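For reference, the structure is listed below as structure tokens.
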Amino acid sequence: MHDLKLIRETPDAFDKGMAGRGLQPQAATILDLDVKRRDAQTRMQVMQSRRNEASKEIGKIKGQGGDATALIEEVQSLKDGLAAAEAEERECAETLQSILESLPNIPFDDVPVGADEDANVEIRRVGTPPEMKEAQQHFEIGEALGQMDFETAVTMSGARFVLLKGQLARLERALACFMLDTHTGANGYTETVPPYLVRDNAMYGTGQLPKFTEDLFHTDEGFWLIPTAEVPMTNIAADRIWEADDLPMRFTAWTPCFRSEAGAAGRDTRGMIRMHQFSKVEMVSITHPDKSVEELERMTDCAEGILKSLGLAFRTVVLSTGDMGFGARKTYDIEVWLPGQEAYREISSCSNCGDFQARRMKARFRTPGEKGTRFVHTLNGSGLAVGRTLIAVLENYRQEDGSVAIPDVLQPYMGGADRIELPNR
RNA sequence: GGAGGGAUGGCAGAGCGGUAAUGCAGCGGAUUGCUAAUCCGUCACGGGAUCAAACUCGUGCGGGGGUUCGAGUCCCCCUCCCUCCGCCA
């Protein structure tokens, strides 16, 4: 949600932000509506003022047993004009609201301007992709191990689902536990187990609604399945006034995520890169407005730290203005090296949303000694997508004999095992 | 699933057709002074005015309709919360 006052004050900066998103200038339309709305409001208020005054008078006269017929008729005569002004004011306000809530957030000035991912800028590369004689894709490896079963998943759920078994199932759990332990330990996040089903207002708060319903799953009872734990964890701050001392709040959770992938038909159809259901360890920070810029660096560092611990090569890119998500002002994507694809693929996305979500969900804070409240800033980042991390481990740690080595830091979580062997047949 | 109760400012809490009490917290000020007390003001959002204020008008009692000169209050619809019973991990 955008701040109308800000648009009034700096319409050019607003349009520049929208241009970066590939949108036409919006400020003129918005401000025109704003002027119309205020004009209608002013006319409305003049009539309301007269009505209130007369009504008070009527009350007084009637209380004294007098005749107020003339005044009553006057108020009656105001009705049509008042109703018209009210309708106009309301119509403008609703239109304004629907425009403001459907426009994406304004990118920071240091975000590269561009239409799509081609304009993203790589800012660092960490680690070296391993030399491999014959790299395989994760589904080849997983199926050879006999522990990654797409066929069975299809029979019960259709495409974009997978059944993991045995040590691969455990590897998923091991990865998630390792990530959670790292974030709740060294990184200072508070672990949560949030709801996986939420209502409209929560989805509106983080920006999935009203525009992106087609990406979501919905139940007959009116719940939405969370596409990321960002939704329930960010909404922890919703509709409250916090104390400045409460900030920053840092939450993490390991949850399933549900996405319809409506716009992704035909993409990543093989394997478990793009699933309707996947698990992810998410980080959310609720910060003071002055701290969100540095918090994004911190959060990205936390995500990268997991990859470093796992010994996986990756690169970090800044998304261009056209490639960023709806609510973000700046986003870092972390892409892990997948030998089977000979490509870096997204495994984490860390975003600073500024006050965009906070405004939608009325998440505010108060500072002692200051009057009034301000909106908090919200950030979210994957730390990491567990399914894709599992893929990365399989492809990067596959041995020439077909077995898969287990990274050192995961071995305690795998019952001490140091590799996953091919089945004896 | 059945039966009830409720939603009012940051929080607590009155009001039942005639300008939204009061308390606590916060903010501004005054005063006395010793680990704070007392008093006054302020205390949501929006419009107008202003360099900015003072000022002024309006809206706001979960949301939306209706009745009325006038609705927190009466009527209708919806949402959410709570309690009890039933069922259940």
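None of the values given here were measured: they were computed from a predicted structure.
- Between G13(B) and C76(B), the distance separating the two C1' atoms is 29 Å to the nearest Å.
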Using the 3.5 Å cut-off, write out each protein N or O paired with an N or O of nucleotides 70-78 of chain B and the distance between them.
unit_1 : atom_1 : unit_2   : atom_2 : d
G70(B) : O4'    : Ser55(A) : OG     : 3.3

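- With hydrogens and angles disregarded, no donor-acceptor distance shorter than 3.5 Å links the side chain of Arg359(A) to the backbone of His2(A).
- Although no hydrogens or angles enter the test, the distance criterion places no donor-acceptor pair under 3.5 Å between the side chain of Asp418(A) and the main chain of Ile406(A).
- Between G58(B) and Ser49(A), a contact under 4.0 Å exists linking OP1 or OP2 to a side-chain N or O.
- C80(B) sits 16 Å from U8(B) when the C1' atoms are compared, rounded to a whole Å.
- The phosphate of C69(B) (OP1 or OP2) has a side-chain N or O of Gln76(A) nearer than 4.0 angstrom.
- Taking 4.0 Å as the cut-off between side-chain N and carboxylate O, Glu53(A) and Lys56(A) do not count as a salt-bridged pair.
- As rounded to the nearest Å, C75(B) and U22(B) have P atoms that lie 28 Å from one another.
- Mapped onto RNA chain B by nearest heavy atom, Thr373(A) and Met44(A) fall at different nucleotides, with Thr373(A) at the one closer to the 5' end.
- If you measure from atom NZ of Lys5(A) to atom C1' of G46(B), you get 9 Å, rounded to the nearest angstrom.
- Rounded to whole Å, the separation between the P atoms of C69(B) and G15(B) comes to 28 Å.
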Under 3.5 Å, which N/O atoms of the protein pair with N/O atoms of nucleotides 23-28 of chain B?
unit_1 : atom_1 : unit_2    : atom_2 : d
C27(B) : OP1    : Gly369(A) : N      : 3.4

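- Looking at Thr378(A) and Gln357(A), their side chains do bring a donor and an acceptor atom within 3.5 Å of each other.
- Residue pairs meeting the salt bridge (Lys or Arg N to Asp or Glu O under 4.0 Å) criterion with at least one member in residues 229-247 of chain A, sequence neighbours excluded: Glu243(A)-Arg366(A).
- When the P atom is used for both G33(B) and G47(B), the distance is 47 Å, rounded to whole Å.
- Atom CZ in Arg37(A) sits roughly 13 Å away from atom C1' in G48(B) (whole-Å rounding).
- Salt bridge absent: Glu335(A) and Arg345(A) never bring a charged side-chain N and a carboxylate O closer than 4.0 Å.
- Comparing G26(B) with A36(B), their P atoms sit 12 Å apart, to the nearest whole Å.
- Aromatic pair Phe212(A)/Phe326(A): centroids less than 6.0 angstrom apart.
- Going from atom CD of Glu88(A) over to atom C1' of G47(B) covers 15 Å, rounded to whole Å.
- Using a cut-off of 4.0 Å between Lys/Arg side-chain N and Asp/Glu carboxylate O, Asp39(A) and Lys36(A) are scored as not salt-bridged.
- Between Arg8(A) and G47(B) there is a side-chain N or O to OP1 or OP2 distance below 4.0 Å.
- Asn380(A) and Ser351(A) are not linked by any side-chain donor-acceptor pair at a separation below 3.5 angstrom, with hydrogens and angles left out of the test.
- Under the 3.5 Å distance criterion, the side-chain polar atoms of Ser382(A) are matched with a main-chain donor or acceptor of Ser349(A).
- Annotation: side chain of Gln24(A) is not in contact with side chain of Met18(A) (no heavy-atom distance under 4.5 Å).
- Counting only Watson-Crick or G-U wobble pairs whose defining distances are both under 3.5 Å, the stems of 3 or more consecutive pairs in RNA chain B are B:1-7 with B:79-85, B:10-12 with B:22-24, B:26-30 with B:38-42, B:44-48 with B:55-59, B:62-66 with B:74-78.
- No close placement of the Phe258(A) and Tyr196(A) rings is indicated, their centers lying 6.0 Å or farther apart.
- Every residue two or more places apart in sequence or in another chain was checked for a salt bridge (Lys or Arg N to Asp or Glu O under 4.0 Å) with Asp215(A), and none qualifies.
- C57(B) and A25(B) have their P atoms separated by 31 Å, with the value rounded to a whole Å.
- Side-chain contact annotation: Thr252(A) with His183(A), donor-acceptor N/O pair under 3.5 Å absent.
- Distance CD (Gln45(A)) to P (G60(B)): 11 Å, rounded to an integer number of Å.
- Taking the centre and axis of the six-membered ring of Tyr204(A), the NZ or CZ atom of Arg360(A) falls inside the cone set by 45° and 6.0 Å.
- The residue among Gln41(A) and Lys56(A) whose nearest nucleotide of RNA chain B is located toward the 5' end is Lys56(A).
- Contact annotation for Arg50(A): no contact, since no heavy-atom pair falls under 4.0 Å across all strands.
- Rounded to the nearest Å, the gap between the P atom of G72(B) and that of G63(B) is 11 Å.
- Taking atom CG of residue Asp39(A) and atom P of nucleotide C57(B), one finds them 20 Å apart after rounding to whole Å.
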Which protein N or O atoms sit under 3.5 Å from an N or O of nucleotides 62-64 of chain B?
none

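- Across all strands shown, Leu71(A) has no heavy atoms under 4.0 Å from either base or sugar-phosphate atoms.
- Between the P atom of C57(B) and the CE atom of Met47(A) lies a distance of 17 Å, rounded to the nearest Å.
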